[in-house]
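Report on the following structure.
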2 protein chains.
Amino acid sequence: MVTIKDIARHVGVSPSVVSRALNNKYGVKESTRQMIVQTAKEMGYHPNAAARTLVTRRTMTIGVIMADISEPFYSGIIKGLEFVASESGYTLLFSNSYESLEQSRVVQRMIDAQRVDGMIIVGSNVKEKAYISSLVDKGTPFVVIERSYRDPRMNCIWVDNVMGGYIATKHLIDCGHTRIAHITGTLDVEVAADRLKGYRKALDEAGIAFSPNLVVQGTFVWQTGYSAMKTLLETRPLCTAVFVANDSMAFGALQAIAEAGLSVPHDISVVGFDDLQFSSLTNPPLTTVRQPRYEMGRDAARLLVSRLNHPEQGDGTKICHPPELIVRKSTTVCRDSDQPEAIVTQQRQ
Amino acid sequence: MVTIKDIARHVGVSPSVVSRALNNKYGVKESTRQMIVQTAKEMGYHPNAAARTLVTRRTMTIGVIMADISEPFYSGIIKGLEFVASESGYTLLFSNSYESLEQSRVVQRMIDAQRVDGMIIVGSNVKEKAYISSLVDKGTPFVVIERSYRDPRMNCIWVDNVMGGYIATKHLIDCGHTRIAHITGTLDVEVAADRLKGYRKALDEAGIAFSPNLVVQGTFVWQTGYSAMKTLLETRPLCTAVFVANDSMAFGALQAIAEAGLSVPHDISVVGFDDLQFSSLTNPPLTTVRQPRYEMGRDAARLLVSRLNHPEQGDGTKICHPPELIVRKSTTVCRDSDQPEAIVTQQRQ
DNA sequence: CATGACTTCACAAACGATTGTGATAACCTA
DNA sequence: TAGGTTATCACAATCGTTTGTGAAGTCATG
């Protein structure tokens, strides 16, 4: 591997001049700079990352932690992160957190060994509190996506989940539905609680009474969407629409409805949340609430990079993105909206 | 950050002794080693990765390149890689290749800046030839997953796609089907060509004539599976079964069949390839050929790590994994197997 | 012509580890 | 007790950069 010394020897100057020339720093004659740049290219020189890191104390890499990078949900976020990273010369170092237990290893590898300049944490498990506060304690700059901590030392980027739950439910109400069920996510996660809030807010506004037996809790995975829908299908009077807290569970719900011999959206309208890549490919294509994932990833990376380049700007930035309703074929007007409920449910049995 | 010198000063020895003590090397008294280890822990010492890399010339990280890390297909491979990496003290540095154009950047960042000790390339685009030979030229140890290059300088791990195509088709033949269609992948990719070979081999063995109009080419994505199936549905006599070269296209095929008002598997049996996480959740659950992805990732990492630790062992290892047929609900016996084809197709029209 | 201000470069000290070599002390053997 | 071996450690070089400082050389100004 060709080093800075090789170039220095070749050109006939000292290594320090080569370094300054290559980094466009003040204090080297323009003609010699050009000669240096030229021979550096000819000799195929590339600066050694470790050596540079050792003296500059910057790794030019950003650690990214998420539950499972293979989750299709993260795809857009990753692309946003990558765009900004490559734009600003940073490398991304991904690591799955899976269980919280593993996170300690991740921290040790990334922060303690000083492999990263900062971190971006996407989503995260319930037990991440201790993890994040260890970041704060160590003084590592970081940004959290999909969480809205009030802590003024944290930079957060998230989507307005209350609004998301609201517009999803409002859409169903606008379609004339009044018996609207809700399959929630894991309710001790803020995201799920907020979507439930939005659901209730829309009901309130429309003057529809909240009925607890139309709300079933899931855990954000297919299987719980499926079983929750099974439960709802046994509830009388039957709902005519359901707002599901994410698309994975909505897929499960679609399956449960199909198995019951009912049709979406004719018998039951379904709204999901996330707008996964697959959501436009279901049968029927799923109406859902899209999160601006690319933008969230992009902004998170920009925020962190800016924080790294200007430490004086401090932390505590909060960015809240609005969600967007994507109307597809899984929702339609309630055909029974003018009829007494008793008759409606009777027809179904 | 506490360094090795801090510990040395604290304990009253020289830095070199601390290094040897912490790395369990010969030449330090057992009592002082214990004291050093103890105070290192107390002071919260963690070795600086850059400094260590600079002198040992090892980064203890492995670069991983794949088309798009968010593809669910890669999930199992990643888990296999991660398992071995964390087991053997390596860190994984992921990078998407997307278009081949981007790859040059990736190479430069990873190899040229000497950020990685070796690389693992998963799948890959058609244009990766130049890329890979640049790796060979630079002497970077690497392993390719999902490709079977004959080049004795390359380490390859792949699944037997000919056998995969064979067992998929054989399964349909065993169900009594004789008019078996095939939706291929991008045929200039070896994987797709091999699956087609397996398909033909099974037909040959069963004495079923190969008919070109039952083979439609796709590009491994949903949309082409959908449109290819549309084409096949217009072909007469109609096929009673179809082997699709991957699950994503099979999902598209299922959709096309459903839209045509036909039922899977009653009217048409469908076999996919890959066994994605979602494949068990379709309606009906998809019969498919599973690739041992976890094992492939695991073996790739093991192979590379072993190659890094023992350079003398050289390259050229080839590992071929067998695929496995997963029978679900999308295939069944051909109800028309004893009837003349003319009648069969007549019924469908 | 002397003084000062630039320009351009070389020198050397870091950064935080690893590792070869040599020095000291301890121990053993004959 | 002399000579030799061994255990334990300190010293210093090194990895490939960056960066502060000082030494020339150039130039202009009064």
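So you know, we letter chains A, B, ... as the sequences are listed, proteins then strands, and number each from 1.
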Short of 4.0 Å, heavy atom to strand atom, which residues of residues 111-119 of chain B count as contacting DNA chain C?
none
Return the minimal non-hydrogen interatomic distance between I78(A) and F94(A), and the atom names on each side.
CG2-CZ, 3.8 Å
Value in whole Å for how far the C1' atom of dA17(C) lies from CE of M1(B)
15 Å
Contact list please: residues 7-19 of chain B against DNA chain C, heavy atoms, distance less than 4.0 Å, in numerical order.
S16(B), S19(B)
With sequence neighbours left out, the residues meeting side-chain contact (heavy atoms from CB on, under 4.5 Å) with D160(B) are V162(B), M163(B), C320(B), P323(B)
For T32(B), answer base if it contacts any base atom (sugar-phosphate contacts may also be present), sugar-phosphate if it contacts only those atoms, and nothing otherwise; contact means non-hydrogen atoms under 4.0 Å.
sugar-phosphate
Hey, is the side chain of R57(A) poking within less than 4.0 Å of OP1 or OP2 on dG16(C), counting only N and O atoms?
yes
K29(B) side chain, from C-beta outward: closest of dT8(D), dG16(D), dA17(C)
dT8(D)
Would you call R57(A) and D117(A) a salt bridge, taking side-chain N to carboxylate O under 4.0 Å as the test?
no
Separation of K25(A) atom NZ from dT7(C) atom C1', in whole Å?
18 Å
Distance-only side-chain donor-acceptor flag, E190(A) / S148(A), under 3.5 Å
yes
Using whole Å, report how far NZ of K5(B) lies from C1' of dC15(C).
8 Å
Rounded interatomic separation in angstrom, taking CG from N48(A) and P from dC15(C):
18 Å
Would you give me the side-chain donor-acceptor pairs under 3.5 Å for residues 292-301 of chain A, sequence neighbours excluded?
{"residue": "R293(A)", "atom": "NH1", "partner": "F73(A)", "partner atom": "O", "Å": "3.4"}
{"residue": "R293(A)", "atom": "NH2", "partner": "D274(A)", "partner atom": "O", "Å": "3.4"}
{"residue": "R293(A)", "atom": "NH2", "partner": "D275(A)", "partner atom": "O", "Å": "2.7"}
{"residue": "D299(A)", "atom": "OD2", "partner": "H321(A)", "partner atom": "NE2", "Å": "3.1"}

Judged by nearest nucleotide, the residue sitting upstream toward the 5' end of DNA chain C, R20(B) or L54(B), is L54(B)
Modelled atom types, side-chain donor and acceptor of S75(B) and Q277(B), under 3.5 Å:
no
Between Q38(A) and Q34(A), is any side-chain donor less than 3.5 angstrom from a side-chain acceptor?
no
How many whole angstroms separate atom CD1 of I4(B) from atom P of dC15(C)?
14 Å
Atom-pair distance (CZ on R33(A); P on dT7(C)), nearest Å
13 Å
To the nearest angstrom, how far is E30(B) atom CD from dT8(D) atom P?
9 Å
Within the structure provided, determine whether I4(B) and R9(B) are in side-chain contact (heavy-atom separation under 4.5 Å).
no
Do the side chain of T140(A) and the main chain of G118(A) share a donor and acceptor less than 3.5 angstrom apart?
no
Is the shortest side-chain N/O distance from Y26(A) to OP1 or OP2 of dT7(C) below 4.0 Å?
yes
Among all residues two or more places apart in sequence or in another chain, which pass the salt bridge (Lys or Arg N to Asp or Glu O under 4.0 Å) test with E30(B)?
R33(B)
On the nucleotide dT18(D), are OP1 or OP2 found under 4.0 Å from the side-chain N or O atoms that N23(A) carries?
yes
Do D151(B) and Y149(B) have side-chain N/O donor and acceptor atoms under 3.5 Å apart?
no
From CD1 (I77(A)) to CD1 (I69(A)), nearest 0.5 Å:
11.0 Å
What residues in residues 34-45 of chain B put a non-hydrogen atom under 4.0 Å from any atom of DNA chain D?
none
Any T56(A) side-chain N or O less than 4.0 Å from OP1/OP2 of dT17(D):
no
